[in-house]
Amino acid sequence: MAATSSSDDSTRRILAAVRAIPRGQVAGYGEVARLAGLPGRARLAARVLAANEDPALPWHRVLRADGRIAFPEGSPGWREQCRRLSAEGVRVENGRVRRARGPADLDAAIWGPDSA
DNA sequence: GCGCTGACGCGAT
DNA sequence: CATCGCGCCAGCG
């Protein structure tokens, strides 16, 4: 039988987690890794996205924990992601994702503009 | 076999 | 709010 490589399996789960992100919403690399069952593997999630070739994958919904785009500002990827996010209704300012509402939502959901 | 780098995260300053 | 440093894992020279 095919020896299932853990690496491939992890990659698969991470991709699934990214695809699970609803349109108009965003998640962090660590968050995605966590949902994939791989807590602490944020870097792995980033690597998976970097190697990903699926055009249907909403990779642009994945940001850093700070809410900033992971790509260097001005980079093609940075620009693409910024553009896609704004196209989905996500407020992006200066490479920084602007979630709606004030600090009240902070405890309810770190990521989620209107989970209420 | 070893060391560096990287689409990261978080605490501390 | 910005910056620095350390930790973690995986691919590459």
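Below, chains carry the letters A, B, ... as their sequence lines are ordered, and counting in each starts from 1. Being a predicted model, the structure only gives us computed values, none of them experimental. Computed over heavy atoms, backbone and side chain alike; hydrogens, waters and symmetry mates excluded.
In the displayed structure, A:R19 atom CZ is contacted under 6.0 Å by more than 12 heavy atoms of other residues, nucleotides or ligands.
To the nearest angstrom, C1' of B:dA7 lies 14 Å from CG of A:L15. Distance CD (A:E31) to C1' (B:dC10): 14 Å, rounded to an integer number of Å. In this structure, the CG atom of A:D66 is 11 Å from the P atom of C:dT3, given to the nearest Å. Per the geometry, CG belonging to A:N52 stands 17 Å off C1' belonging to B:dG6, to the nearest Å. The nearest whole Å value for the distance from the OH atom in A:Y29 to the C1' atom in C:dG7 is 19 Å. If you take CZ of A:R64 and P of B:dG6, they are 13 Å apart, rounded to a whole angstrom. Between the CD1 atom of A:I14 and the C1' atom of B:dA7 there is a distance of 12 Å, rounded to whole Å. Remark: C1' of B:dC10 and CZ of A:R34 are 14 Å apart, rounded to the nearest angstrom.
An OP1 or OP2 oxygen of C:dA2 is reached within less than 4.0 angstrom by a side-chain nitrogen or oxygen of A:R68. The shortest distance between the side-chain N/O atoms of A:R47 and the OP1/OP2 oxygens of C:dG11 is not below 4.0 Å. Dashed line: the shortest gap from a side-chain N or O of A:R41 to OP1 or OP2 of C:dC9 is under 4.0 Å.
A:W78 and A:V97 fall within a single hydrophobic cluster, where Ile, Leu, Val, Met, Phe, Trp and Tyr are joined by side-chain heavy atoms under 4.5 Å apart, directly or via other members.
Among the protein residues, A:R96 comes within range of the sugar-phosphate backbone only, with heavy atoms under 4.0 Å from sugar or phosphate atoms but none that close to a base. Using a 4.0 Å heavy-atom criterion, one finds that A:W78 contacts no nucleic acid atom at all. Contacts of A:G77 with the nucleic acid, taken as non-hydrogen atoms under 4.0 Å apart, are absent. Counting non-hydrogen atoms under 4.0 angstrom, A:L44 reaches the backbone sugars and phosphates but no base.
Taking a pair to require two hydrogen-bonding distances under 3.5 Å in either a Watson-Crick or a G-U wobble arrangement, B:dG1 remains unpaired. Partner assigned to C:dC8 is none, using Watson-Crick or G-U wobble distances below 3.5 angstrom.
To the nearest 0.5 Å, the span separating CZ on A:R47 from OG on A:S10 amounts to 14.0 Å. A:R96 CZ to A:R64 CZ: the interatomic distance, rounded to the nearest 0.5 Å, is 11.0 Å. Note that the CG atom of A:L49 and the CH2 atom of A:W59 stand 9.0 Å from one another [nearest 0.5 Å].
Listed candidates were B:dC8, B:dC10, B:dA7. Nearest to the side chain of A:A50 is B:dA7. You'll find that the side chain of A:R43 is closest to B:dG6, out of B:dC10, B:dA7, B:dG6.
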